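One structure below.
Order of listing sets the numbers, starting from 1, for every ligand and every atom in it. Keep in mind it's a predicted model, so treat the numbers as computed, not measured.
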Amino acid sequence: MVRKYIVKKKFKRSWSPLAEAFSRALLPTTPLTISQWADKTRQLPETSTHESGQWRTERFPFIKRIQDLLSPSDPTQQIAVMKGAQLALTECALNWMFYTIDHSPGPFLYVQKTLDAVNVFVKQRFNPSVEAMPGIADRIGTGKTGRGTGDTTATKIFPGGMIRFGGANSAASLRSMPIEKLCLDEEDSYESDIQAEGSPSELAIRRTANFPRRKIFRISTPTIKETSSIEPLFEQGTKERYHIPCPHCGNMDYIRWKNIKFTNDDPKTAMLLCENCGVLIEERYKTEMLANGIWIAENPDAEYPSFHISSLYSPYGFYSWKDAVTLYLKAVRNHDSALLKVFVNTVLGETWSERGRSIKASWLESRKEEYEAEVPRDVIVLTCGADVQEDRIECEVVGWSHGMESYSIAYKVFRGNTDSNAVWQQFDMYISKTFQHESGIVMPINVVGVDSGYNTKIVYEFCRIREHKYVYPIKGDDGWGKGILDRPQKRNKYKVWAFRAFVDEIKSRMYSYLQVSEPGPGYCHFPVNDEYDSAYFGQLTSEFLDKVWSSGKYKLRWILPKGRRNEALDCRNLAFAALNILVPDFDSLPINKPLILNSQPVQRKRRHHSKGQS
Ligand SMILES: [Zn+2]
């Protein structure tokens with residue numbers, strides 16, 4: 001053995017570089033893995049969110065196994081990753097795309113939520129990376145169609161293949177060609193059914209059927225538990241988690257949020273507890289720990305590999321444990337369920353459950369309290385939400401304070417046919433009145449939101465001539481992940497600013513505020529007042545969330561049980577939507593100073609409106 005080794009070494013040395021190159025040319029070339037290729041060729045542009053210059057897989061050690069599975073030398077066909085942000089998973093998808101162009105050509109489809117989003121991705125992420133790699137740039141647009149035509153925002157043609165960029169909102173962009181490699185990025189954000197052709201993921205996956213060596217890469221930050229696509233994919237796969245060694249005892253474990261410890265609510269003190277030896281590990285050990293980590297599967301016999309990784313793994317110098325604790329504390333202190341959801345989804349990379357939010361009416365009613373004045377001292381803004389029915393208008397006036405602490409001020413019902421004028425006159429008189437603030441100031445209602453779902457034209461006309469009093473029509477709409485409000489770009493054909501409010505998410509916010517049990521951020525105060533009776537609290541708590549099977553996917557819906565009424569909840573939601581019309585950034589307002597807006601002369605309506613929007 002020893003002799004053989006020496007001979008070989010000697011023999012090799014005696015060869016000239018030319019001879020060596022010649023011999024290498026005769027050997028069959030072994031294809032590189034994506035990691036090997038990227039470590040040699042992939043350049044990150046200056047504009048990269050991570051580092052610029054040469055890509056190094058060792059900076060994100062957990063990505064190596066995923067890139068190896070995506071490499072043609074591995075037979076794996078489907079890979080699912082449920083993830084947090086700041087983990088370079090999209091860079092990994094880009095590595096795969098450039099590898100395909102340079103090293104292993106074939107038809108490739110990359111999908112994001114919408115065509116608009118994918119266009120931005122091509123311009124901001126894909127193209128700048130290509131410019132940083134002249135070798136790749138030279139190959140794009142040089143297919144059969146010739147340079148120029150093969151290099152568009154939607155399509156990149158190269159010798160032996162093409163990459164198409166599809167939007168999950170466009171069936172046409174998903175079914176255009178057979179695909180060998182498919183990347184479904186942020187799959188949880190896709191609509192469940194597009195243009196009556198079913199799930200966009202299924203539509204795209206069908207295009208891969210004819211390729212025995214196909215690869216399907218499904219990566220997503222999870223969203224809502226009840227409707228998530230990526231969580232079931234993770235659960236049914238191998239369920240791999242990245243285990244890293246404790247620098248003190250060597251115990252291998254994955255990073256759990258419950259083991260991130262901090263003292264005195266100070267994010268700077270964030271450290272990782274080792275469950276085995278009880279030592280608190282500083283974040284500066286992370287680089288070494290990540291480098292020595294391994295993926296460990298909970299279901300090793302599953303049919304395809306699936307991974308979970310949170311932002312707590314983001315390499316040292318990127319997203320830190322301190323950042324995670326800061327976000328967490330901000331959400332918890334303010335009882336801000338929307339922010340807590342962001343934390344759970346994008347930092348922990350876990351789903352957020354919207355269920356189990358039912359609240360006892362009697363508990364809320366027992367909290368009624370005497371106010372010192374009609375409008376308590378903490379109130380900065382007064383809004384009114386009005387629900388329009390056939391035979392009445394119901395409205396609630398709500399006072400808002402910092403941290404979304406709210407004070408119910410009054411609940412009124414104006415009876416009369418809403419096709420005729422009388423009931424509207426009563427309502428108008430009421431919303432024109434002023435309220436006595438504890439500070440002594442007399443306060444008007446700052447903004448009124450009127451439901452325009454019923455008797456729409458009458459509501460529009462009522463609001464149009466009261467725009468100077470900040471009275472706006474609001475139409476309730478369903479759907480998750482769209483925020484609170486959709487702001488119109490211009491007046492509609494009835495010459496009003498017609499707002500859309502996304503009630504699913506607003507109800508979710510309201511119900512999380514109603515659950516807050518102690519005065520402070522998010523807490524809802526109710527006055528001792530006959531208007532706030534058992535019937536009111538019954539309506540306020542009437543709905544619950546449930547998942548409903550629809551078009552091949554679960555959807556999360558608010559359910560109103562038969563025989564129950566919900567006008568009080570609608571009014572509260574409209575008052576909250578109205579607040580968001582006026583002051584989207586509530587915390588920018590001065591503390592304990594009631595907001596008094598000047599009513600504007602009619603000709604200055606537009607300017608005054610944009611002030612409200614800014
Ligand atoms: Zn340990």
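A centroid separation of less than 6.0 Å is found between the aromatic rings of Tyr328 and Phe343. Tyr313 has its ring centre no less than 6.0 Å from the ring centre of Phe60.
The number of protein N/O/S atoms found under 2.8 Å from the Zn ion (ligand 1) is 4.
The cationic atom of Arg139 (NZ for Lys, CZ for Arg) does not lie both less than 6.0 Å from the six-membered ring centre of Phe158 and within 45° of the ring axis.
Asp116 and Thr114 are not linked by any side-chain donor-acceptor pair at a separation below 3.5 angstrom, with hydrogens and angles left out of the test.
A salt bridge is defined here as a Lys NZ or Arg NE, NH1 or NH2 lying under 4.0 Å from an Asp or Glu carboxylate O, and Glu235 with Lys239 meets this definition.
The aromatic rings of Trp558 and Trp480 sit parallel to each other, their planes meeting at less than 30°, with 60° as the upper class boundary.
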